[in-house]
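Below is one structure, written out as structure tokens, with a few remarks after it.
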Amino acid sequence: MMIKDIINKKRVGKELSRGELEKIFLGYLRGEVPDYQMSALLMAICIQGMSFEETVILTDLFLHSGDILDFSQVSGIKVDKHSTGGVGDKTTLVVVPIVAACSVPVIKMSGRSLGYTGGTIDKLESIPGYQTVLSTEEILQQVEKIGAVMIGQSHDLCPLDKKIYALRDVSGTTDSIALIAASIMSKKIASGADKILIDVKVGSGAFMKTVEEAKQLSELMKIIGKLYGRETETIISNMDTPLGRTVGNALEVEEALFVLEGKEKGPFYELCVELATTMVRMGKNISQEEAFLLVQHSIDSGEAYQKFLEIISHQGGRIKDLSISPHVISYPSPATGVIRKIDALSIAKLSCSLGSGRLTKEDTIDPSVGVYLNKLVGERVEKGEDLLYLYCKDEKIESISFSDIFEII
Ligand code: URA
């Protein structure tokens, strides 16, 4: 069958065989299938969907296209976490130290992001000196010594997914439950964790716009995890509003430190506690209640905060040199009332326009800029009170559209 026949078959909603999927996807990896044909297939998949069997075959092709890591020599059950992506999503920075402080080993490999906000690795790199690339030997030594590493994906994990993901990003083909499930699960399985927790985001700032879609994605990922012998759990969490108060790389690191110190509570803190509790329960095979007590103790005693500092200094980071732009512009509220909505996507675009995200792979980001929300959803604001602060490169006033971002009633 020719490549265009495979595309046509999917376009009319028929199921592709393993042979057909291998021909087009592996051909694309080898450079034999051009971008325009792969884009056409991806668009057909977005519109027609994929069967469960097709999704599993695609996961398998992604997984076996590169290295599959084995950390079985690390003692203890290693639990990995992944988020389907959100605005101001700094949960990894808070959750990993908590889980490690509860004696569950974590090897966390994160990505950079392409899109409106930085990925976890961009956030960590805002700490001067922080090394995001470690050899397998260094990873093993650090996990044995301090219980956690937070690094980038330096190994050649799932190169086929990497190539396809870059094409999806520019061809309007990210929104497919099957493609997302195969993409996430192949990377998680290749990363060598024993158990996996996925934070599935739903809302205006997320891939999944409805709870129904988020549930479908969750079920699919759990079944794929089971097929590969990796117990997989999911938490569905809201992404209509940004997570926490900050969007921007160094600002988010600073907020993570505040949360670990117990200085900042609220929905972001609650989500971190829920994720950490679930990971500790999975890693120790204990009840959710027992895990919650361990998590609470690790925060209250300062152990989780100390663990974050330990991970940072072990990887060469100098937290005291974290730099946040001194150029701050404050925006007063045009009205008195209660904040009903803060639009996640609009905040992400605003932060990106200041320089905190990249829209092409070649863009460089400014770690010191971003947005600080002085008021959160549900809070009361008086007319003239500061709603948000922009940390900018200079004092140039950014014009922003309040009505696109805030709803005050
Ligand atoms: N995260 C991924 O790794 N892949 C997707 O397709 C979506 C979110």
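Order of appearance sets the numbers: ligands from 1, and atoms from 1 within every ligand.
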So, [X] versus [Y]: side-chain donor-acceptor pair below 3.5 Å or not?
X: K187; Y: S183; value: yes
X: T232; Y: K188; value: no
X: S237; Y: K201; value: yes

Could you tell me, for ligand 1, which of its N or O atoms are under 3.5 Å from any protein N or O, listing the pairs and their distances rounded to 0.1 Å?
from: ligand 1; atom 1: 3 (O); to: K187; atom 2: NZ; distance (Å): 2.7
from: ligand 1; atom 1: 4 (N); to: S183; atom 2: OG; distance (Å): 2.7
from: ligand 1; atom 1: 6 (O); to: R168; atom 2: NH1; distance (Å): 2.9
from: ligand 1; atom 1: 6 (O); to: R168; atom 2: NH2; distance (Å): 3.0
from: ligand 1; atom 1: 6 (O); to: S183; atom 2: OG; distance (Å): 3.4

Show every donor-acceptor pair shorter than 3.5 Å between a side-chain atom in residues 241-252 and any protein atom, with sequence neighbours excluded, or say none if there are none.
from: R245; atom 1: NE; to: E264; atom 2: OE2; distance (Å): 3.0
from: R245; atom 1: NH1; to: L373; atom 2: O; distance (Å): 3.0
from: R245; atom 1: NH1; to: N374; atom 2: O; distance (Å): 3.2
from: T246; atom 1: OG1; to: E255; atom 2: OE1; distance (Å): 2.4
from: N249; atom 1: ND2; to: S356; atom 2: O; distance (Å): 3.0
from: E252; atom 1: OE1; to: K123; atom 2: NZ; distance (Å): 2.9
from: E252; atom 1: OE2; to: G248; atom 2: N; distance (Å): 2.9

Interatomic distance, CD@Q288 vs CZ@F292, rounded to 0.5 Å, equals 9.5 Å
(message) Is the ring pair Y389/Y372 parallel, tilted or perpendicular, if the boundaries are 30 and 60 degrees?
(response) tilted
